Visitor: 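Following this message is one structure expressed as structure tokens.
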Amino acid sequence: MANQDDQFKKVISHAKEYGYVFQSSEIYDGLSAVYDYAQNGVELKKNIRDYWWKAMVQMHDNIVGIDAAIFMHPTTWKASGHVDAFSDPLIDNKDSKKRYRADVLVEDYCLKIENKIEKEVKKASKRFGDAFNKEEFLSTNPRVLGYQEKIDSILSRLGKSLEKEDLADVKLLIEELEINCPVSGSRNWTDVKQFNLMFGTKLGASAESAMDLYLRPETAQGIFVNFLNVQKTGRMKIPFGIAQTGKAFRNEIVARQFIFRMREFEQMEMQFFIKPGTQGEWYEHWKETRMKWHLSLGMGAENYRFHDHEKLAHYADAAADIEFKFPFGFKELEGIHSRTDFDLKAHEEHSGKKLQYFDHEDNASYTPYVLETSIGLDRMFLAVFSNALVEEELENNTTRTVLKLPAVLAPFKAAILPLVKKDGLPDVAKKIVEDLKWDFNVTYDEKDAVGRRYRRQDANGTPFCITVDHDTLEDNTVTIRHRDTMEQSRVKIEDLKSIIKKEVDVKTWLMKMK
RNA sequence: GCGAAAGUAGCUCAGGGGUAGAGCAUCACCUUGCCAAGGUGGAGGUCGUGGGUUCAAAUCCCAUCUUUCGCUCCA
């Protein structure tokens, strides 16, 4: 555990020191759980996004991309269930310091009463034997009726109070029912507070005419509401997918662990529209496909695992996470969810517009089912970055800090270094930079001993160092050094482009998925 | 949100009532020239922020912000 903490600390400080991630508004003491991507981080993040986009959109005939707005019509979030599901009434017990959902406490209480009814039923069934009629017993036994009445009145009061957002009454209810904290056993409760996980804002200049809006808490809904537009204008035939990357916002109660859980974050997701009944096979297909994508980056199969959900969200009929071994343990990196027709149906209901597909094979219309793959770009960034950071013991008893980023994702593909800062070597090196920068993000460095420059590039994840020496002036060859092996070979300047391209090309890496 | 720990230079940290230090990094120059840590010089901090105690606060007290960990929550 101490090692894990150490490694995580190193990741955070390395990310700052080498210009990958800064805390937002740092000069004002920062803003909780908000981070900025710095000069190198933005390149890495962009490369991850591109790698995903190529794999998901460009390589699939039947998947197209969109970029929906962050603002959406407020009804969207009613339809999606976020208005209800994303806002929890919470209450703390002052003695045990435990936090509970107030409505769950009350519901649990009702559950206990229900258990009492069950007991009555059991007792009665023993007593009456074969003559026992459960239905009749439930509707006539005075004790059972009393219990049931109590449950009904509690739940209806709870429902009404929640509807009116009368949180004081919810607390009162908890007090009247004499509900104890399961841990401390006390009834020393705080007030009930409403937590809404969506960020609100206003559309419109004047207060009276302004409309309440939310910043989207997920990007998926932008795809669902555009489903028919894309299908028609793109002449898409089921099965087909719509992909999107973009920011989403959640007002997390607890947002922590560096960029793992942020209040503003970026998702990369794809909604795949399919014929009802085929969701099982597509679920398996996308689980496998997405795992292959991860494995293609060569970050170690042992660092990934599936986690199948037992408790499913309200929209899903199957769901699994791809978990990655972060410095703080295995955590969710990507979700693959079989969302059924929940979203499209909900939008049909709330908008009154049909969101159906006419299948010419069946000669019938239906609301498609949806299979979702959704990955957090920031989490992927953290996975790549933390996995890449290693400290190596070298033979000469020195240590080397290397950021072993997959070459396809590295911010800089090569550093061009003149062996010395004289004899015209910098000019030759700069000429190489001028030539290569059309194809790759490259950098130039002439400061300090070349060995130190190598280490500097190692720590920044640059896969290649190209060194111009005195022989270069004679025969137009340079040395090219590989970051991970530290091995060097002598190559012609004119061959540099093809050598680098082979190693850093998206194609080279994505082919590993096959 | 509760509890614990922490916040001093870009990074890692020392100091602990008498107005700031180290290593590395960074910048300039010199030297060297294929795997970091030669030389000289420079820049960089009102010790997270705000209050209080004191003749005097980075140091003691209170509040607050931020971070990490535990609880809690998590589409």
Side-chain angles (χ1 to χ4, degrees), chain A residues 1-2 4-6 8-10 12-19 22-35 38 80-82 85-86 88 90-101 104 183 190-191 193 195 197 217-221 248 250-258 260-261 267 269 309 311-316 319 321 327-328 331-332 335 337 339 342-343 372 374 376 392 394-396 398-401 417-423 425 446-459 465 467-471 478-479 481 483 486-488 490:
Chain A
M1 199 60 204
Q4 283 192 352
D5 285 352
D6 276 5
F8 192 32
K9 269 190 173 172
K10 277 179 191 159
I12 295 171
S13 60
H14 197 86
K16 173 159 191 206
E17 192 170 359
Y18 285 85
F22 301 145
Q23 196 181 7
S24 163
S25 322
E26 201 183 56
I27 61 166
Y28 294 109
D29 281 343
L31 190 60
S32 178
V34 185
Y35 291 89
S80 69
H82 284 85
F86 251 30
D88 298 331
L90 299 179
I91 189 166
D92 292 312
N93 182 271
K94 288 178 190 164
D95 298 318
S96 67
K97 309 289 183 199
K98 297 283 177 189
R99 162 167 294 178
Y100 303 92
R101 276 181 54 176
V104 172
V183 175
T190 64
D191 286 341
K193 285 175 234 158
F195 286 82
L197 264 55
E218 66 172 25
T219 52
Q221 300 305 325
R250 283 183 204 167
N251 200 358
E252 301 279 0
I253 300 166
V254 179
R256 264 201 302 232
Q257 287 168 317
F258 196 40
F260 183 79
R261 179 171 293 138
Q267 294 184 309
E269 53 162 50
H309 288 205
K311 221 175 79 186
L312 295 171
H314 61 265
Y315 55 72
D321 294 336
F328 39 85
K331 296 274 176 174
E332 176 184 356
H337 295 186
R339 291 183 79 124
F342 176 89
D343 299 279
E372 168 189 83
S374 174
E392 282 182 352
L394 263 38
E395 285 172 8
N396 60 1
T398 61
T399 59
R400 178 173 87 119
T401 302
L417 318 169
L419 185 63
V420 291
K421 209 175 1 179
K422 58 186 180 192
D423 305 333
L425 299 188
E446 62 176 26
K447 180 108 167 45
D448 298 318
V450 73
R452 189 189 293 204
R453 282 180 270 163
Y454 288 150
R455 297 302 178 85
R456 202 144 55 204
Q457 295 303 327
D458 288 342
C465 286
T467 305
V468 174
D469 57 23
H470 291 92
D471 291 346
V478 292
T479 60
R481 168 192 181 270
R483 176 194 66 199
M486 297 171 71
E487 278 166 8
Q488 291 183 344
R490 190 140 202 114

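Note that the structure is predicted; figures quoted are calculated from it, not measured. Note that these values count all heavy atoms, side chains included, but never hydrogens, waters or copies made by symmetry. Numbered from 1 within each chain, the chains take letters A, B, ... in sequence-line order.
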Visitor: What nucleotide, of B/C69, B/G33, B/U66, holds the atom closest to the side chain of A/R256?
Guide: B/C69

Visitor: Counting Watson-Crick and G-U wobble pairs only, both distances under 3.5 Å, name the nucleotide matched with B/G44, or none.
Guide: none

Visitor: Touch check for A/T479, heavy atoms < 4.0 angstrom, all strands: base, sugar-phosphate only, or nothing?
Guide: base

Visitor: With a 4.5 Å heavy-atom cut-off, do A/R261 and A/R250 have their side chains touching?
Guide: no

Visitor: Write down the distance between CZ (A/F258) and P (B/C69), rounded to a whole number of angstrom.
Guide: 12 Å

Visitor: Could you check if a side-chain atom of A/V34 sits within less than 4.5 angstrom of a side-chain atom of A/Q23, using non-hydrogen atoms only?
Guide: no

Visitor: OP1, OP2 of B/A25 versus side-chain N and O of A/R455: anything below 4.0 Å?
Guide: no

Visitor: Give none if B/C29 has no partner; otherwise give the nucleotide forming a Watson-Crick or G-U wobble pair with it, both distances under 3.5 Å.
Guide: B/G39

Visitor: Compare side-chain N and O positions of A/Q457 against OP1 and OP2 of B/A36 and report whether any pair is under 4.0 Å apart.
Guide: no

Visitor: Test for a donor-acceptor pair under 3.5 Å between the base of B/A75 and the side chain of A/H82, counting only N and O atoms.
Guide: yes

Visitor: Roughly how far apart, to the nearest Å, are B/U26 and B/G45 at atom C1'?
Guide: 15 Å

Visitor: Using whole Å, report how far NE2 of A/H14 lies from P of B/A25.
Guide: 14 Å

Visitor: Is A/R339 salt-bridged to A/E269, going by a charged N under 4.0 Å from an acidic O?
Guide: no

Visitor: Each nucleotide N or O in nucleotides 37-47 of chain B that has a protein N or O under 3.5 Å away: list the pair and distance.
Guide:
none

Visitor: Please give the nucleotide sitting opposite B/A5 as a Watson-Crick or G-U wobble pair, both distances under 3.5 Å, or none.
Guide: B/U67

Visitor: Please report the distance, rounded to the nearest Å, between CD in A/E446 and P in B/G33.
Guide: 17 Å

Visitor: Given the P atoms of B/C27 and B/G10, what is the spacing between them in whole Å?
Guide: 15 Å

Visitor: Should A/E392 and A/R400 count as an ion pair when the cut-off is N to O under 4.0 Å?
Guide: yes

Visitor: Taking only side-chain nitrogens and oxygens of A/S374, does any of them come within less than 4.0 Å of OP1 or OP2 of B/A75?
Guide: no

Visitor: Between atom CG in A/D6 and atom P in B/U68, what is the gap in whole Å?
Guide: 15 Å

Visitor: Any non-hydrogen side-chain atom of A/S24 less than 4.5 Å from a side-chain atom of A/Y35?
Guide: no

Visitor: So do the side chains of A/L425 and A/H470 get within less than 4.5 Å of each other, counting heavy atoms only?
Guide: yes

Visitor: P atom, B/U59 versus B/U8: distance in rounded Å?
Guide: 13 Å

Visitor: Which residue, A/S13 or A/Y35, contacts RNA chain B at a nucleotide closer to its 5' end, judged by nearest heavy atom?
Guide: A/S13

Visitor: Return the value, rounded to whole Å, for the distance between atom CG of A/L31 and atom P of B/U66.
Guide: 7 Å

Visitor: Just the rounded figure in Å: distance from C1' of B/C35 to CD of A/Q488.
Guide: 8 Å

Visitor: Nearest to the side chain of A/R456 - B/U68, B/C35, B/U26?
Guide: B/U26

Visitor: Are A/K331 and A/D321 ion-paired here, with the side-chain N under 4.0 Å from a carboxylate O?
Guide: no

Visitor: Can you tell me, in whole Å, how much space there is between the P of B/G39 and that of B/A25?
Guide: 12 Å

Visitor: If you measure from the C1' atom in B/A56 to the same atom in B/U46, how many Å do you get, rounded?
Guide: 16 Å

Visitor: Side-chain donor or acceptor of A/D469 under 3.5 Å from a matching atom on the base of B/C34?
Guide: yes

Visitor: Taking atom P in both B/A5 and B/C47, compute the distance separating them and give it to the nearest angstrom.
Guide: 24 Å

Visitor: Which part of the nucleic acid, if any, lies within reach of A/K447 when heavy atoms closer than 4.0 Å are counted: base, sugar-phosphate only, or nothing?
Guide: sugar-phosphate

Visitor: Starting at NE2 of A/H470 and ending at P of B/G33, how long is that distance when rounded to a whole Å?
Guide: 10 Å

Visitor: Just the rounded figure in Å: distance from P of B/A36 to CE of A/M486.
Guide: 7 Å

Visitor: Would you mind pulling out the nucleotide paired to B/C55, Watson-Crick or G-U wobble, both distances under 3.5 Å?
Guide: B/G18

Visitor: Pick from A/R481, A/R452, A/R453: which one makes a salt bridge (charged side-chain N to carboxylate O under 4.0 Å, His left out) with A/D458?
Guide: A/R481

Visitor: What's A/A248 touching, base or sugar-phosphate or nothing? Going by heavy atoms closer than 4.0 Å.
Guide: nothing

Visitor: Checking contacts here: which listed nucleotide (B/C34, B/U68, B/G48) is nearest the side-chain heavy atoms of A/D29?
Guide: B/G48

Visitor: Quick one: are A/Q257 and A/I12 in side-chain contact, heavy atoms under 4.5 Å?
Guide: no

Visitor: Is the shortest side-chain heavy-atom distance between A/V450 and A/T467 below 4.5 Å?
Guide: yes

Visitor: Using both distances under 3.5 Å as the test, list the Watson-Crick or G-U wobble partner of B/C24, or none.
Guide: B/G10

Visitor: Mapping A/R453 and A/Q221 to their closest nucleotides on RNA chain B, which lands nearer the 5' end?
Guide: A/R453

Visitor: Could you work out the separation of B/U40 and B/G23 based on their P atoms and round it to a whole Å?
Guide: 12 Å

Visitor: Go ahead and name the base partner of B/U72; Watson-Crick or wobble counts if both distances stay under 3.5 Å, otherwise write none.
Guide: none

Visitor: If you only use heavy atoms from C-beta on, which nucleotide in B/C35, B/C11, B/C69 is closest to the side chain of A/K16?
Guide: B/C11

Visitor: Is the base of B/C74 touched by the side chain of A/R261 through a donor-acceptor pair closer than 3.5 angstrom?
Guide: yes

Visitor: Determine the Euclidean distance between corresponding C1' atoms of B/C35 and B/G17; express it in Å to zero decimal places.
Guide: 49 Å

Visitor: Scan A/D458 against the nucleic acid and name what it touches under 4.0 Å (heavy atoms): base, sugar-phosphate only, or nothing.
Guide: nothing

Visitor: Do A/Y28 side-chain and B/C65 base share a donor-acceptor contact under 3.5 Å?
Guide: no

Visitor: So, A/D448 and A/R455, do they make that salt bridge, N to O below 4.0 Å?
Guide: no

Visitor: Between A/Q23 and B/U67, is there a side-chain N or O to OP1/OP2 distance below 4.0 Å?
Guide: yes

